[in-house]
A.B. asks: 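This is the structure I want to talk about, given as structure tokens.
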Amino acid sequence: MAAFTADMERLTKDLIQIMTGFETTDENINLCYKFAKANFVFHRYLNADELKVTRSIHGLCEKFSIHCHTEKAEALQRLTEEFLNTNLERNFPKSLAHYGVLQLLLCLSESPLYSKYTPPVPNEELAAPGDHFDWGSYLMEGIEYPSYDEQDDTLLWQYPEDRVAKPSKPAVTPRGVRTKGAAK
């Protein structure tokens with residue numbers, strides 16, 4: 001908020017008087033007014049505070065380290081850095097959207113120190129080299145196709161004489177003149 005107008009000043013003082021019951025001559029009303037004005041001018045209401053989120057993450061990592069959960073601390077630090085360096089919005093790493101997601105995850109986490117941690121399995125370990133499953137044969141199971149002898153291949157391409165369409169005379173000659181047998 002760039003400018004604090006006179007109307008906003010009056011409304012703020014009225015709100016403080018109604019909420020607190022202070023008289024206009026009371027010193028506390030001026031303290032409350034200064035606090036409210038500072039919050040109106042400098043507060044970012046819906047945006048995540050980058051410094052606050054960063055401090056919370058570092059504090060959580062430190063807490064993990066103190067309680068001998070170094071694997072959790074290292075994983076949290078590494079994954080946070082990886083996430084912050086990804087591009088969510090038009091090639092802008094470490095944007096407000098990143099910190100908003102991290103703040104949401106921090107708020108949703110419940111007792112992270114006492115939760116069970118299982119490190120993620122790398123993709124190379126998921127697929128063992130000897131484990132190859134033939135999905136084609138599995139999906140085609142039960143479907144039968146007609147078989148034919150390769151020597152009889154010519155029979156597949158021959159039509160019976162009665163099924164072969166005989167060419168008819170064209171209705172229009174190359175010069176655009178109609179012939180007698182053409183339909184009108």
Side-chain angles (χ1 to χ4, degrees), residues 1-139 141:
M1 183 175 290
F4 200 72
T5 64
D7 190 35
M8 291 173 62
E9 183 177 339
R10 182 186 52 77
L11 289 172
T12 305
K13 285 184 179 181
D14 289 345
L15 178 65
I16 293 170
Q17 278 183 328
I18 291 170
M19 296 296 289
T20 61
F22 294 145
E23 297 294 324
T24 55
T25 57
D26 196 355
E27 182 181 334
N28 288 332
I29 201 164
N30 289 332
L31 290 173
C32 290
Y33 172 71
K34 286 179 184 177
F35 178 76
K37 182 178 178 181
N39 277 315
F40 284 143
V41 174
F42 299 112
H43 188 71
R44 295 178 353 190
Y45 290 97
L46 297 177
N47 294 340
D49 187 10
E50 179 180 337
L51 184 61
K52 190 176 182 181
V53 171
T54 304
R55 284 182 180 169
S56 295
I57 296 285
H58 287 301
L60 195 55
C61 289
E62 187 175 328
K63 188 174 186 177
F64 284 146
S65 297
I66 289 171
H67 290 279
C68 297
H69 294 283
T70 54
E71 187 179 354
K72 283 184 183 180
E74 291 170 359
L76 179 63
Q77 190 67 34
R78 179 180 48 82
L79 292 172
T80 301
E81 284 302 316
E82 283 179 22
F83 176 70
L84 287 174
N85 290 325
T86 58
N87 296 327
L88 292 181
E89 298 177 352
R90 298 184 222 111
N91 299 325
F92 292 121
K94 296 187 179 182
S95 66
L96 283 177
H98 287 89
Y99 287 103
V101 170
L102 286 175
Q103 184 176 10
L104 175 69
L105 292 175
L106 284 171
C107 290
L108 290 176
S109 65
E110 185 176 324
S111 302
L113 190 62
Y114 301 110
S115 64
K116 185 179 176 184
Y117 174 70
T118 53
V121 179
N123 290 339
E124 297 85 32
E125 293 179 15
L126 289 177
D131 294 340
H132 177 70
F133 188 74
D134 187 11
W135 282 100
S137 62
Y138 175 74
L139 294 174
E141 189 175 289

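It should be emphasised that the depicted structure is a prediction, and the values quoted were computed from it without experimental measurement. For reference, positions follow the sequence shown, starting with 1.
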A.B. asks: Return the set of residues passing salt bridge (charged side-chain N to carboxylate O under 4.0 Å, His left out) with E82 (not counting sequence neighbours), or none when no residue passes.
C.D. replies: R78

A.B. asks: Once you round to the nearest 0.5 Å, how far does CD1 of I16 lie from NZ of K37?
C.D. replies: 11.5 Å

A.B. asks: Drop me the distance from L102's CG to K52's NZ, to the nearest 0.5 angstrom.
C.D. replies: 14.0 Å

A.B. asks: For T20 and I29: C-alpha separation, side-chain torsions, deciding distance, then whether side chain to side chain contact (heavy atoms under 4.5 Å, CB included) applies.
C.D. replies: CA-CA 8 Å; T20 61; I29 201 164; 5.5 Å; no

A.B. asks: Evaluate V101 against L105 for side chain to side chain contact (heavy atoms under 4.5 Å, CB included), listing each step before the verdict.
C.D. replies: CA-CA 6 Å; V101 170; L105 292 175; 4.2 Å; yes

A.B. asks: Does any part of the side chain of L84, heavy atoms only, come nearer than 4.5 Å to the side chain of T80, both counted from C-beta?
C.D. replies: yes

A.B. asks: When you look at E9 and Y33, which way does the side chain to side chain contact (heavy atoms under 4.5 Å, CB included) test go after all the steps?
C.D. replies: CA-CA 8 Å; E9 183 177 339; Y33 172 71; 2.9 Å; yes

A.B. asks: Using every non-hydrogen atom in the two residues, find where F64 and A73 come nearest and quote the distance to one decimal.
C.D. replies: CB-CB, 3.7 Å

A.B. asks: Take atom CD in E62; do more than 12 heavy atoms of anything else shown fall under 6.0 Å from it?
C.D. replies: no

A.B. asks: Is the shortest heavy-atom distance from the side chain of T86 to the side chain of H98 under 4.5 Å?
C.D. replies: yes

A.B. asks: Rounded to the nearest 0.5 Å, what separates atom CD in Q77 from atom CG in L60?
C.D. replies: 10.0 Å

A.B. asks: For L76 and C61, which heavy atoms make the closest approach, and how far apart are they?
C.D. replies: CD2-SG, 3.6 Å

A.B. asks: Would a distance-only check, ignoring hydrogens and angles, find a side-chain to backbone donor-acceptor pair under 3.5 Å from H69 to K63?
C.D. replies: no

A.B. asks: Give me the atom names and distance for the closest heavy-atom approach of E23 to Q17.
C.D. replies: C-NE2, 4.2 Å

A.B. asks: Measure the spacing between OH of Y99 and CD1 of I57 and express it to the nearest 0.5 Å.
C.D. replies: 9.5 Å

